[in-house]
Amino acid sequence: MQLLEHQAKQLLGRAGLSVPTGQVFTSAIDSAAPAFPAVAKSQVPVGGRGKLGGVRLVHNQAELQSTVREILSLKIKGHRPESVLVEQAVDITRELYLSLRINRDQRRIEYLTSPDGGIEIESAGSTIIIPHNNTNRIDTIATVLKLDLREVESLLADLERCFFDNDLLLLEINPLVVTAGSVLVCADAKILVDDNARFRQPHLPWHDETLLRPLGGTIGVIANGAGMAMSTMDTIYAAGGEPANFLDIGGGTGEDIFVTYLRQITELPGVTSIIINIFAGITRCDDIARGIIAASQQIPGLVPLFIRLEGTRQEEASDLLRATGIAIQPDLQTCVAKALEVRV
Ligand code: GDP
Ligand code: MN
C-alpha cells in the first residue's frame, strides 16, 4: 500500500523526524493555513506533482481558498485528489534525496542518497547506494550530503525506526531540505507499506485499492478475470461502442462488491448501461446473482444491466434473477447490442 503524503508524514513525525506543520483540507472551507506563506499540495498517490501544478505556494487567505479549490479539481496523472495538504512553507537552502528500501534482487535493505534532490532527481545521476548494514553508512551519507555527522546519525536512527516499526518496503524523502536555519526537514515523503504486514499494523490507514479504471465511455463493464474484462471491452469497441471502465472482480462474489462497483460505475459521467460478463468456474453463478440483486435493490438510479452469466450453478442463478425481474442474456454479443441501444 502506498500512503498519501500527509499520512506518510504522520508516520515520520511519530518516528521523531522533522516535518512541516500542516493541515488537511477536503474542501475550500474558511479555515486558515498554519501560517503564510504556505504550500498547498495535492494528495494524490503519484510523484511529479510539482511540475503538474499540484504543489503551489500561497501567500494569503484569499489565495489559499482559490488554490485549494483549483487543486481539488485538478487531475494529476489520472488521479483526482480527495484532499489538499496545506503546510507552512519551508525556507529551503538545499534539496537532498534520501531513501531506504528493500531491494529484493540483492536481498538486502539499502539507502539511496543524492545531494541533488528535488523534482529533477530522475536526471540527477548523482545517486549512490549504500547497504543499510554498512558500518560506514553514517559517514558516507554525511559526506555525500555535506551534513553534520551527529545530525545524520540521528536522522538515520529515526528513519530506520520508522522503516522497521511500520513494515515498510520504501521510505523516500525527496526533498529532504536544509532550511535557512540549518534544520533538516522532510518536505515530501513517499511510503510503501508491505501489504503482508496488515495484520500487525492495524493502525495504518489501509484502503482496499480499487481495481476500477475509468475509461470515459458509456458502457460499464464488470467481468471476472482480466482476460474476460479485456475481451468484453474489445467486443464493445468492435460493435462501435466505448467501455466506461475496466474492472476485473477476480473471484469476488460478495454482495458488497457488486453494490460498491455497480454504484461506482453508475456514478461515472456518461454511463448509460453496464455489462456484467461472468464465466463461473470456482465462482458460483448464484452468489453472483445474489450480489446483483442486492445492488439493484440498494442503488437508486442504477443504469440498465445486461448480464451474461454462465457456468457453475447457472440454473439457480437464472431462477433467482428471474424472480426479481432481472434478465440473463444468451451471450455477450446480445449484451453489447442491447447496451448500444440504450439512449439517455
Ligand atoms: P513532488 O513534485 O510530487 O515530488 O512534490 P514535492 O513535495 O517534492 O514538491 C516539489 C517541489 O516543490 C520541491 O522539490 C520544492 O522545490 C518545492 N517545495 C515543496 N515544498 C516547499 C516549501 O515548503 N517551500 C519551498 N520554498 N518550496 C517547496
Ligand atoms: Mn517530491
Side-chain angles (χ1 to χ4, degrees), residues 1-13 15 17-25 32-61 63-64 67-68 70-101 111-127 144-147 155 159 162-163 168-193:
M1 167 181 64
Q2 177 170 348
L3 298 184
L4 293 172
E5 179 190 8
H6 72 89
Q7 299 165 334
K9 282 176 164 171
Q10 211 170 12
L11 286 197
L12 295 179
L17 291 140
S18 173
V19 292
T21 321
Q23 195 179 329
V24 177
F25 288 68
F36 293 108
V39 184
K41 312 181 75 176
S42 177
Q43 297 301 286
V44 283
V46 287
R49 297 164 302 166
K51 288 184 178 174
L52 297 167
V55 177
R56 312 240 313 256
L57 199 63
V58 292
H59 301 90
N60 54 55
Q61 189 65 24
E63 216 182 326
L64 175 70
T67 307
V68 167
E70 279 169 37
I71 291 181
L72 282 171
S73 64
L74 175 71
K75 266 194 180 179
I76 295 190
K77 298 180 183 171
H79 297 269
R80 193 183 293 278
E82 275 172 22
S83 61
V84 178
L85 172 63
V86 178
E87 293 181 333
Q88 194 172 332
V90 182
D91 197 356
I92 300 177
T93 59
R94 290 201 291 144
E95 299 198 24
L96 315 172
Y97 177 95
L98 181 62
S99 67
L100 191 56
R101 69 176 185 193
Y111 279 103
L112 260 79
T113 192
S114 164
D116 306 311
I119 58 175
E120 300 296 345
I121 187 67
E122 312 290 343
S123 56
S126 53
T127 310
V144 170
L145 299 183
K146 299 190 183 71
L147 292 172
L155 176 70
L159 275 181
C162 187
F163 191 85
L168 306 187
L169 299 174
L170 172 73
L171 198 186
E172 181 184 74
I173 315 291
N174 185 37
L176 169 68
V177 308
V178 182
T179 68
S182 294
V183 180
L184 277 180
V185 176
C186 304
D188 186 18
K190 175 176 176 181
I191 284 184
L192 297 180
V193 189

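Not measured: the values here are computed from a predicted model. All ligand and atom numbering here is 1-based and tracks the order in the structure.
Protein N, O or S atom count below 2.8 Å of the Mn ion (ligand 2): the structure gives 2.
Counting all heavy atoms, side chain and backbone alike, H59 lies closest to P37 at CD2-CB, 4.2 Å.
Side chain of T93 to backbone of V178: a donor-acceptor contact under 3.5 angstrom is found. In this structure, E95 contributes its side chain and P175 its backbone to no donor-acceptor pair below 3.5 Å.
For K41, the salt bridge (Lys or Arg N to Asp or Glu O under 4.0 Å) partners two or more places apart in sequence, or in a different chain, are E5. In this view, K77 satisfies the salt bridge (Lys or Arg N to Asp or Glu O under 4.0 Å) rule with no residue, not counting sequence neighbours.
A heavy-atom distance below 4.5 Å is not found between the side chains of N174 and K190.
Contact shell of ligand 1 (protein heavy atoms, cutoff 4.0 Å): V39, K41, G47, G48, R49, G50, V55, A89, V90, I92, E95, G118, I119, N174, P175, D188.
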Checklist entry - Under the side chain to side chain contact (heavy atoms under 4.5 Å, CB included) criterion, do F25 and L72 qualify, and how do the steps go? => result CA-CA 9 Å; F25 288 68; L72 282 171; 6.0 Å; no
Item to check | S18 and L184: CA distance, side-chain angles, deciding distance, side chain to side chain contact (heavy atoms under 4.5 Å, CB included) verdict | outcome: CA-CA 7 Å; S18 173; L184 277 180; over 6 Å; no
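Evaluated for a side-chain contact (heavy atoms from CB on, under 4.5 Å) with V24, the options L85, L4, V84 yield exactly one hit, L85.
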